[in-house]
Amino acid sequence: MKVGDILAAFDRLPFGALEAIAPGTALVVAPHPDDESLGCGGFIAEAVRQGRPPVVVIVTDGAGSHPASKAWPRERLVARRRQEAREAVAELGLAEDRIVFLGLQDTAAPTEGADFEKAVDALKTLADRFDCDTVLAPWRHDPHGDHEAAWFMACALTHRYPARRLLAYPVWGLTLPPEQEIEERPPHGWRLDMRQHMAAKHRAVAAHVSQRGLLIDDDPDGFILPVRLLERIIRPFEVFIEP
């Protein structure tokens, strides 16, 4: 299917209540600090509102956004991005003890091998600890290696422990060229109405100051959240797709 047709189909998915999308407690698997807010900010806020706060797992350390910065070496940038993530989920109402950092290397999250297995085991431990019955992970067509790795981790978790349900949320996939062909069937899933959480999602995304070009000024090739992504992703609904 063409990407444009798939994205148009996303926009036509039926609205579903939170209970239809995640009947119990959700495990939100985010590749980087900021993906939790971009892809699932409204979901997190609505789940908190209903008294079922999810668990957010940040897979990588986020240090790959500004690798050439001298003022912000890896250790300092990792600490900063973790703090931004904590502040972001706080804007969504989530307590600090519901966010966990796996600390894998940004831009190098594994898709197999020992480190991959350790990550899956860590997800399983968290899912057991918090009694999570739904796993939310990045859409497999998001064009970023760390997003793909996070998807594979979530797939491994739910394949090995099938009592848990897997749903995908798109982030960078929303910016793929409309004419690009990808191997994907017509999507099934839901849209979650997040109109009442729009302001909170804006604040959560804004909390990731280092990714908005407002903090680090000594890496001219460093990452800045693009306007085209924000326009596509901060809308009155979020999309959750059945694989």
Side-chain angles (χ1 to χ4, degrees), residues 1-16 21 28-43 58-60 62 64-67 104-112 116 119 135-159 165-194 198 201-202 204-205 208 211-213 220-243:
M1 290 185 67
K2 288 185 178 180
V3 166
D5 294 333
I6 293 171
L7 299 187
F10 285 172
D11 294 350
R12 295 191 300 269
L13 288 172
F15 282 99
I21 298 168
V28 177
V29 182
H32 311 98
D34 72 8
D35 289 314
E36 82 296 325
S37 299
L38 292 168
C40 298
F43 175 93
I58 310 294
V59 174
T60 72
S65 66
H66 294 80
L104 296 175
Q105 184 178 339
D106 192 355
T107 74
T111 57
E112 59 183 3
F116 176 84
V135 180
L136 307 182
W139 189 37
R140 67 189 183 99
H141 295 291
D142 270 10
H144 191 298
D146 291 340
H147 285 235
E148 181 181 45
W151 168 251
F152 285 151
M153 291 171 189
C155 286
L157 173 64
T158 54
H159 286 166
R165 174 191 200 183
L166 176 63
L167 295 174
Y169 62 89
V171 180
W172 286 101
L174 297 175
T175 67
L176 289 170
E179 296 303 312
Q180 182 176 332
E181 294 275 354
I182 59 176
E183 292 186 10
E184 183 76 342
R185 63 182 175 84
H188 296 274
W190 299 270
R191 287 182 291 164
L192 179 66
D193 185 341
M194 53 160 283
M198 285 285 286
K201 181 162 180 169
H202 273 286
V205 172
H208 293 280
Q211 306 305 292
R212 298 170 52 230
D221 296 322
F223 176 78
I224 298 177
L225 280 167
V227 172
R228 74 183 188 281
L229 174 62
L230 297 178
E231 289 176 344
R232 284 290 302 168
I233 209 161
I234 303 183
R235 297 189 291 170
F237 60 84
E238 290 174 344
V239 173
F240 299 94
I241 312 148
E242 294 180 318

Practice prompt. Might you work through the side-chain contact (heavy atoms from CB on, under 4.5 Å) test for K201 and S37, ending with a clear yes or no?
Written response: CA-CA 7 Å; K201 181 162 180 169; S37 299; 5.7 Å; no

Within a strict 4.5 Å, meaning less than it, do heavy atoms of the [X] and [Y] side chains meet?
X	Y	value
H202	I234	yes
R191	R235	no
D35	P138	no
H188	I241	no
D11	F237	yes
I58	P33	yes
Y169	I233	no
L167	V135	no

Could you tell me which non-hydrogen atom of [X] sits nearest to which non-hydrogen atom of [Y], and how far apart they are?
X	Y	answer
C40	L136	SG-CD1, 4.2 Å
L225	L229	CD2-CD2, 4.1 Å
L192	G16	CD1-O, 3.7 Å
A149	P110	CB-O, 3.4 Å
D142	G173	OD1-N, 2.7 Å
Q211	F223	OE1-CD2, 3.1 Å

Worksheet item: Going through the distances and angles, do M1 and E183 end up as a side-chain contact (heavy atoms from CB on, under 4.5 Å)?
Response: CA-CA 6 Å; M1 290 185 67; E183 292 186 10; over 6 Å; no

Worksheet item: Would you find a donor on one side and an acceptor on the other, under 3.5 Å apart, between the side chain of R140 and the backbone of A168?
Response: no

Worksheet item: Is there a donor-acceptor contact under 3.5 Å from the side chain of D146 to the main chain of A109?
Response: yes

Which distance, rounded to the nearest 0.5 Å, do you find between the [atom1] of [X] and the [atom2] of [Y]?
X	Y	atom1	atom2	answer
F152	H159	CZ	NE2	10.5 Å
E148	H144	CD	NE2	11.0 Å
R232	L176	CZ	CG	10.5 Å
R12	L7	CZ	CG	10.5 Å
H66	D221	NE2	CG	10.0 Å

Worksheet item: Would a line drawn from the ring center of F240 to the ring center of F43 be shorter than 6.0 Å?
Response: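 Ring centroids of F240 and F43 are less than 6.0 Å from each other.
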
Discussion item. Suppose we call two aromatic rings close when their centres sit under 6.0 Å apart. Are H32 and H147 close by that rule?
Written reply: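 Centroid distance H32-H147: below 6.0 Å, so yes.
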
Discussion item. Do W190 and E238 pair up side chain to side chain, a donor and an acceptor below 3.5 Å, judged on atom types alone?
Written reply: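 On atom types as modelled, these side chains do not qualify, holding no pair under 3.5 Å.
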
Worksheet item: Is a side-chain donor-acceptor pair under 3.5 Å present for H141 with Q180?
Response: no

Discussion item. Testing T158, L104, T111 one by one against M153 for a side chain to side chain contact (heavy atoms under 4.5 Å, CB included), which residue passes?
Written reply: L104

Practice prompt. Take W151 and L166 through the test side-chain contact (heavy atoms from CB on, under 4.5 Å) and record every step on the way to the result.
Written response: CA-CA 10 Å; W151 168 251; L166 176 63; 3.6 Å; yes

Worksheet item: Near E112 CD, under 6.0 Å, is it more than 12 heavy atoms from other residues, nucleotides or ligands?
Response: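 Counting neighbours around CD of E112, 12 or fewer heavy atoms of other residues, nucleotides or ligands fall under 6.0 Å, so no.
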
